[in-house]
**Q** 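Before I ask anything, here is the structure I am working with.
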Amino acid sequence: MKVFIYPPNSMILQDLVERFGHTPLALAKEIDRRVNDPELDSPPMNITEIDVKIGLKYAAIEVPSGVRGRLALFGPLIDEAEAAIIVNNFPSTFGCMACARTNELTIYLIKQKKVPTLELDYPKNEEEVEDFVARIKEFLEDLK
Amino acid sequence: MIKIAQLSCGNDYSGIQKEIEKAAETVGAKIVFPDVDIDFDEAVEEFGFNPVSAGLKLMIARAKALVDKSFEADAVFIATCFRCAEGSLIRNELRRYLQKHTRLPVVMYSFTENTRASVLLTRMEALVTIVKRKDLLGRERQVGITMGIDSGSATTKAVIMQENKIIGKYWSPTTTVIESAEAVVKEALKKAKMDIKDIESIGTTGYGRYMIGKHFKAKLVQEELTVNSKGAVFLADRQKGEATILDIGGMDNKAIAVMDGIPDSFTMGGICAGASGRFLETTAKRLGLEIGEFGDLAAKGDLHKVPMNSYCTVFGIQGLVSALAEGYNKEDVAAAACRSVAEQIYEQQLQEIDVRYPLIQVGGTSLLKGLVMAVGDILKTEPLVPPDSQYIGAVGGALLCSGFI
């Protein structure tokens, strides 16, 4: 199944989804495509004015351009999602979209999809880490 | 090369980083990002404002690196997404923080995905000028025979100066950049009883500065923020100490905070015609008045009598027309139009800088008495309007280019 992960650029979540046999809907691949596309040249993300306008599908014109630009990237990933894993209260080193308003809207859009969703807090100690991985494993196995 | 430290949030995802860098490169500067530790919570805690967005936390950490001098830069460009409330709070507080703790010139901007390098060019050029030409900007006295040409969006002005005095001046509406400049230069020379060969140095400024600079072989081609500042403090005889220069132009407005005539923070409008001289021009036409008459009429009206529902050039003026139909007199309607422009400038622009006194109001619109009254009313001060206030750009150009004789 296609599993949307939040934060969408978390390498740990991406890896876990792949390990348990699902397709992660993550930002890394999308950004990789853009960074390596020779036709685009607005570093470092290669977002174009047209991308930001694509974001209008998810957020209105009065929403800051940075929010719409982000949603232009992972809005289509949310559209594809058949399941989702949302991690709350994570440090920026775990994965970071840098914008709180984007975070709020992304979580809302995932919840609106009504797909099977696992929501959990970022672990603070070793015991919580084990529980964190176990819950993700159980959720992903149940999706099969 | 001048290093401009960029403190920003949302720029990558708005697709405008290339434009920011292009603007900096055009004026011989380089955009740099202060190095910070990946764990920037300590910097945020020390700053005292803890935004939710990590991008803004990173901005704070980068500003702190500049204050602590762990990263060296010559100037600072602060930018966040237009319409982001959290972003605008941090943008302003960081500007204050940097101005309090460093001597770095700072400029702010709120961008959209449509922001282009051309819009940022004047701001970047001003930052570079402040850093590179501090000695030239320190000039307080004009020497020799020099000419300043200000090619503005609405009008073109030329001033000839000799030994610190204006001896010839002329202005006309801008039609074609070169032709308008040639016409005003010819008239200014006639008034000064001189020939172009007598001019020892020429300085150009304004939107058409590059074109006319090349045409007249100018020794100084400079953006209007620094040139106008010099012209304004020279004409107002406030070359020492603090001041704020407010120039409500035909196309955009400039609010510049200066210390000893050198700007250290400034803001340029340009997002809405309703906050520019163009709004008043359109209102004057609708009232069947010349713009000068309009200013005098507005001064006789009550600034607060006619209610205005919109600042927009279309809807705001529609409101004024409706007020006329309801029986309000022309004086009060003209005064309301002036208040509308003053209010918008106060709400949108003057919030971006620390307003220092005296407030020197300059540019063509400073001749509109009603507008000066409206600005004074909202800022609770009496703006200082120097003689020849519409010529500040040209005077600044003539003054500064005398440094090249």
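Sequence lines set the chain letters: A, B, ... in the order given, protein chains first and strands last, and positions in each chain run from 1.
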**Q** Within a radius of less than 6.0 Å around CD of A:Glu141, do more than 12 heavy atoms belonging to other residues, nucleotides or ligands occur?
**A** yes
**Q** With a 4.5 angstrom heavy-atom cut-off, which part of A:Leu73 approaches chain B: side chain, backbone, both or neither?
**A**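 For A:Leu73, side-chain heavy atoms alone lie under 4.5 Å from chain B.
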**Q** Would you say that A:Lys53 contacts B:Asn114 through its side chain, given a criterion of any heavy-atom pair below 4.5 Å between the two side chains?
**A**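 Yes, side chains in contact.
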**Q** With rounding to the nearest 0.5 angstrom, report the CD to OG1 distance, A:Glu49 to B:Thr112.
**A**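 Result: 8.0 Å between the selected atoms.
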**Q** Considering only heavy atoms and a distance below 4.5 Å, find which of B:Gly10, B:Ser53, B:Gly87, B:Gly55 pairs most often with chain A.
**A** B:Ser53
**Q** Supply the atom-to-atom distance A:Ile50 CD1 to B:Glu113 CD, rounded to the nearest 0.5 angstrom.
**A**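 Answer for the CD1-CD pair, A:Ile50 versus B:Glu113, is 11.5 Å.
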**Q** Answer yes or no: are there more than 12 heavy-atom neighbours, outside A:Gln112 itself, under 6.0 Å from its atom CD?
**A**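 Correct, the count exceeds 12.
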**Q** For B:Arg83 and A:Ile61, indicate whether the former's side chain and the latter's backbone hold a donor-acceptor pair under 3.5 Å.
**A** yes
**Q** Please say whether more than 12 non-hydrogen atoms of neighbouring residues, nucleotides or ligands are located less than 6.0 Å from CZ in A:Phe94.
**A** yes
**Q** How many angstroms lie between CG in A:Asp51 and OH in B:Tyr13, if you round to the nearest 0.5 Å?
**A**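 Here the rounded value is 11.5 Å.
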**Q** So for atom CD, which belongs to B:Glu45, do other residues, nucleotides or ligands contribute more than 12 heavy atoms lying within a distance under 6.0 Å?
**A** no
**Q** Crowded around B:Arg116 CZ? As in, over 12 foreign heavy atoms under 6.0 Å?
**A** yes
**Q** Could you pull out the closest heavy-atom pair between A:Ser65 and B:Cys81, with the gap in Å?
**A** OG-SG, 4.0 Å
**Q** Relative to chain B, which of A:Ala72, A:Gly66, A:Gly55 shows the most heavy atom pairs under 4.5 Å?
**A**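 Most pairs with chain B among the choices: A:Gly66.
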**Q** Need one label for B:Phe40: side chain, backbone, both or neither, based on atoms under 4.5 Å from any heavy atom in chain A.
**A**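 Side chain only.
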